Amino acid sequence: MKKLAILGSTGNVGLQTLEVVDKYPEKLKIIALSANSDIETLEKQIKKYQPLTVGVANEEKAKILQKKVSIPVFSGKNANLEIVRMKEYDTLINSIVSLAGIEATLEGIRLKKNIALANKETLVAAGEIVMREAKKNGVMIMPIDSEHSALFQCLNGEDPKEIHQMIITCSGGALIDKTLEDLKNISVEDALGHKTWSMGQKITIDSATLMNKGFEVLEAMWLYDLPIEKIKVVVHPQSIIHSMIEYSDGSIIAQMSEPSMKLPIQYALSYPERWDAPLKRFDFSKNLTFEKPDLERFPCLSFAFDVAKEMGTLPAAMNSANDFMVGQFLEKKCKYLDIPQIIKKVMDNHQNKKNPTIEDIQTAITKSRQMAEKFLLKI
Ligand code: MG
């Protein structure tokens with residue numbers, strides 16, 4: 001039986017992970033859960049799964065919850081870290097949506113926990129440090145993302161030296177058919193009208209700008225230790241092929257299924273086993289199409305390739321500027337096209353530090369956020 005700690009259990013990935021747990025109560029047991037502030041959902045989860053303890057990042061909310069439940073509630077900005085440090089679990093599912101996810105992953109690696117990773121910031125901003133620590137501690141990171149799970153499966157039994165290229169597929173996001181002129185006046189509602197996947201708001205905007213795909217390119221580079229030149233992105237609107245690997249002999253191996261986050265979540269927990277399908281089986285009634293991504297309309301994707309060539313603290317700066325700008329856009333405080341424009345400005349003005357420490361990365365994150373704020377005021 002796997003004993004799980006889920007960080008971010010009230011978010012989209014967290015909730016879907018619990019649905020997998022519901023199907024396999026004899027194989028998966030919940031030891032600890034954490035949430036940012038949604039204590040109503042967390043309280044229901046406590047009743048149902050009876051964890052030993054929970055964490056709530058929002059201190060006020062943590063106090064309210066503690067009065068209602070008999071188990072300990074860790075609170076504040078170290079709540080997730082305290083969960084990670086528990087002895088009673090073996091597999092850490094990190095589905096926090098923020099930079100706080102980095103510390104949690106690193107601590108889990110140092111404690112030699114199995115890591116199932118949905119938090120993007122971990123590898124985008126701190127890939128160099130995280131993968132070095134994972135290697136040192138002999139920890140394997142299982143990706144919870146359809147693309148990286150696909151790549152992992154396409155690598156099964158193959159020699160990574162024979163990889164010609166990794167091809168990451170991309171649904172194209174909600175704005176794929178818009179012209180550059182249309183994009184000038186895109187509303188939050190337009191950008192949230194995503195077609196094939198159901199996700200949180202931040203990641204839906206990142207999917208619309210293709211920044212999310214850029215993040216996935218960086219994650220794949222780190223997870224599979226591949227030079228950036230060997231990673232390609234192809235738009236595939238049906239989201240049936242979740243990614244592919246082309247080997248030296250020209251064979252392309254793809255992993256396919258109906259789109260659902262449950263499959264990569266379940267596989268991260270079942271590996272090396274395969275359990276029953278958590279989704280509707282593919283019936284071959286769809287045509288699969290492919291096209292090149294348009295970097296002129298969606299420059300955020302090209303930013304990821306740019307920072308991959310420089311590395312250092314630059315990916316963290318890009319990530320942080322994006323974080324800030326997407327927040328502003330969701331609050332209707334800036335226009336859609338301000339997002340790439342300000343990220344680019346922050347990247348151009350960032351003083352890059354190579355071979356960064358985690359403190360360097362944190363500094364880059366704070367400074368880039370301030371810089372983005374300053375540039376936005378000038379628009
Ligand atoms: Mg994905």
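Both counts, for ligands and for their atoms, begin at 1 and track the order of listing. From a predicted model like this one, the values you see are computed outputs, not experimental measurements.
Residue-and-atom listing of protein N/O/S atoms under 2.8 Å from the Mg ion (ligand 1), sorted by chain and number: Asp145 OD1, Glu147 OE1, Glu216 OE2.
Remark: Arg85 engages Glu107 in a salt bridge, criterion side-chain N to carboxylate O under 4.0 Å. A salt bridge is absent between Lys178 and Asp190: the closest approach of a Lys/Arg side-chain nitrogen to an acidic carboxylate oxygen does not fall below 4.0 angstrom.
Here Phe290 and His236 bring their ring centres to under 6.0 angstrom of each other.
Every pair passing ring pair (Phe, Tyr, Trp, His ring centres under 6.0 Å) that includes a residue from residues 255-286 is listed here, sequence neighbours excluded: Tyr24-Trp275, Phe152-Tyr271, Tyr267-Tyr271, Phe282-Phe284.
Note that the CD atom of Glu19 and the OG1 atom of Thr17 stand 9.0 Å from one another [nearest 0.5 Å].
Asn119 places a side-chain N or O within 3.5 Å of a backbone atom of Ile96 that can act as its donor or acceptor partner.
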